Amino acid sequence: MRIGYPCINRSIGCTPSRTFRLPSYSDERLRETVKANLACLMKILSYNVAHGILFFRITSDMVPFASHPVCTFPWQKHFADEFRTIGEFLRFHRFRISMHPDQFVLLNAPDAGILDRSIGDLIYQVQILDLLGLDNSAKIQIHVGGVYGDKTSSMERFIKNYERLDDSIKGRLVIENDERLYTISDCLVIHERTRIPVLFDVFHHAINNNGEQTVDLLAPLNNTWKRDDGIPMVDYSSQQPKKRAGSHAECIDLKDFRTFLQSTVPFDIDIMLEIKDKEKSALAALTLVHDDPRLVTGNPGDT
DNA sequence: CCCTGTCAAGTCACG
DNA sequence: CGTGACTTGACAGGG
């Protein structure tokens with residue numbers, strides 16, 4: 001089991017998501033931005049190793065406009081050495097890595113242009129993971145997409161479009177339940193047809209479900225991840241008290257997290273903490289686990 | 001220097 | 001019908 005946090009670190013003094021406005025685009029601006037983002041990523045990863053945090057989500061903002069027509073600069077070649085170095089570091093320390101395209105990536109979009117742009121973005125994210133030299137246990141997690149007034153046909157469209165994807169994308173793609181439209185049961189239906197692994201978002205499930213109990217879902221979900229996929233990834237977050245249901249908490253609710261961990265034994269999973277204070281909550285969660293090893297299967301970082 | 005409207009992209013729920 | 005929310009705020013112009 002590993003514990004991780006997404007994209008940025010709030011205590012380290014740099015961001016790996018530096019960007020600029022589209023009208024300011026130039027190859028030079030792109031080079032300096034990506035260079036700074038890569039340097040910051042390395043800094044975050046070093047911090048994570050020093051603190052035993054071996055699960056990390058790399059931001060899709062690493063290379064601004066990577067899948068936009070304006071970007072013709074061969075950043076893949078230009079930064080190949082930097083990516084390789086970071087990748088060696090990741091493999092040496094046995095990191096687990098994920099990426100999460102933003103809401104504009106919709107594999108079941110009826111609009112051909114939206115689908116094209118979505119696939120373009122997936123190709124970009126695959127390139128990042130490939131340049132890092134990571135195997136197919138490094139995953140790209142997306143939601144099923146929109147409903148477009150007809151859920152059944154929208155799920156069919158997802159399946160059809162998924163099947164047409166290049167194997168390099170298929171090997172890394174996993175689907176995640178969302179908080180409004182597609183539940184875990186929907187994802188499992190799609191899995192039956194495509195064999196795509198299903199990533200369990202605990203928080204979304206609490207808000208949007210078909211009455212399934214978490215404890216009953218763990219085995220079926222676990223089975224959707226094959227050997228090459230690595231152990232299942234899970235997204236966990238806490239409700240921000242007194243805010244609308246679904247808003248992410250500022251810091252982790254350790255009592256709730258402990259209860260969740262207890263319910264997952266004996267399944268070995270990697271847990272992404274989607275909490276606003278990022279590494280701070282990850283450290284708190286790790287401390288909890290170290291103080292009570294019975295909460296997890298295996299040791300933190302041991303898988 | 002700080003404030004804040006806006007940013008490449010899409011969908012849906014809510015008020 | 002405009003706005004907020006989404007895995008993640010940061011840029012850049014104006015005061």
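Naming: A, B, ... by sequence-line order, numbering from 1 per chain. Nothing here was measured: the structure is a model prediction, and the numbers come from that model.
Each of C/dT7, B/dA8, C/dA10 was ranked by its minimum atom distance to the side chain of A/Ser17; first place goes to C/dA10. When the nucleotides B/dA13, C/dT8, B/dA9 are ranked by their closest atom to the side chain of A/Arg10, C/dT8 comes out on top. The side chain of A/Tyr148 approaches B/dC12 more closely than any other nucleotide in the set B/dA8, C/dA12, B/dC12. Of the candidates C/dT8, B/dA8, B/dA9, the closest approach to any side-chain atom of A/Gln103 belongs to C/dT8.
A sub-4.0 Å separation between OP1 or OP2 of B/dT11 and a side-chain N or O of A/His143 is absent. Neither OP1 nor OP2 of C/dA10 sits under 4.0 Å from any side-chain N or O of A/Thr19. Checking the phosphate oxygens (OP1, OP2) of C/dA12, a side-chain nitrogen or oxygen of A/Ser24 falls inside 4.0 Å. Between A/Arg21 and C/dA10 there is no side-chain N or O to OP1 or OP2 distance below 4.0 Å.
The residues A/Arg172 and A/Asp229 are annotated as not salt-bridged, no charged nitrogen and carboxylate oxygen being separated by less than 4.0 angstrom.
B/dT4 and C/dG4 are spaced 15 Å apart, taking the P atom of each and rounding to whole Å.
A/Gln141 comes within 4.0 angstrom of no nucleic acid atom, judged by non-hydrogen atoms across all strands. Within 4.0 Å of A/Val147, counting heavy atoms only, lie sugar-phosphate atoms of the nucleic acid but no base atom.
Pairing for B/dG5 goes to C/dC11, judged as Watson-Crick or G-U wobble with the two contacts each under 3.5 Å. Of the nucleotides present, C/dG4 is the one that pairs with B/dC12 by Watson-Crick or G-U wobble criteria, both distances under 3.5 Å.
For A/Thr183 (side chain) and A/Asn209 (main-chain N/O), no donor-acceptor pair under 3.5 Å exists by modelled atom type.
Checked against the 6.0 Å centroid criterion, the rings of A/Tyr236 and A/Phe257 qualify as a close aromatic pair. For A/Tyr5 and A/Phe55, the gap between ring centers reaches or exceeds 6.0 Å.
Below the 3.5 angstrom threshold, one finds no donor paired with an acceptor across the side chain of A/Asp61 and the base of C/dA10.
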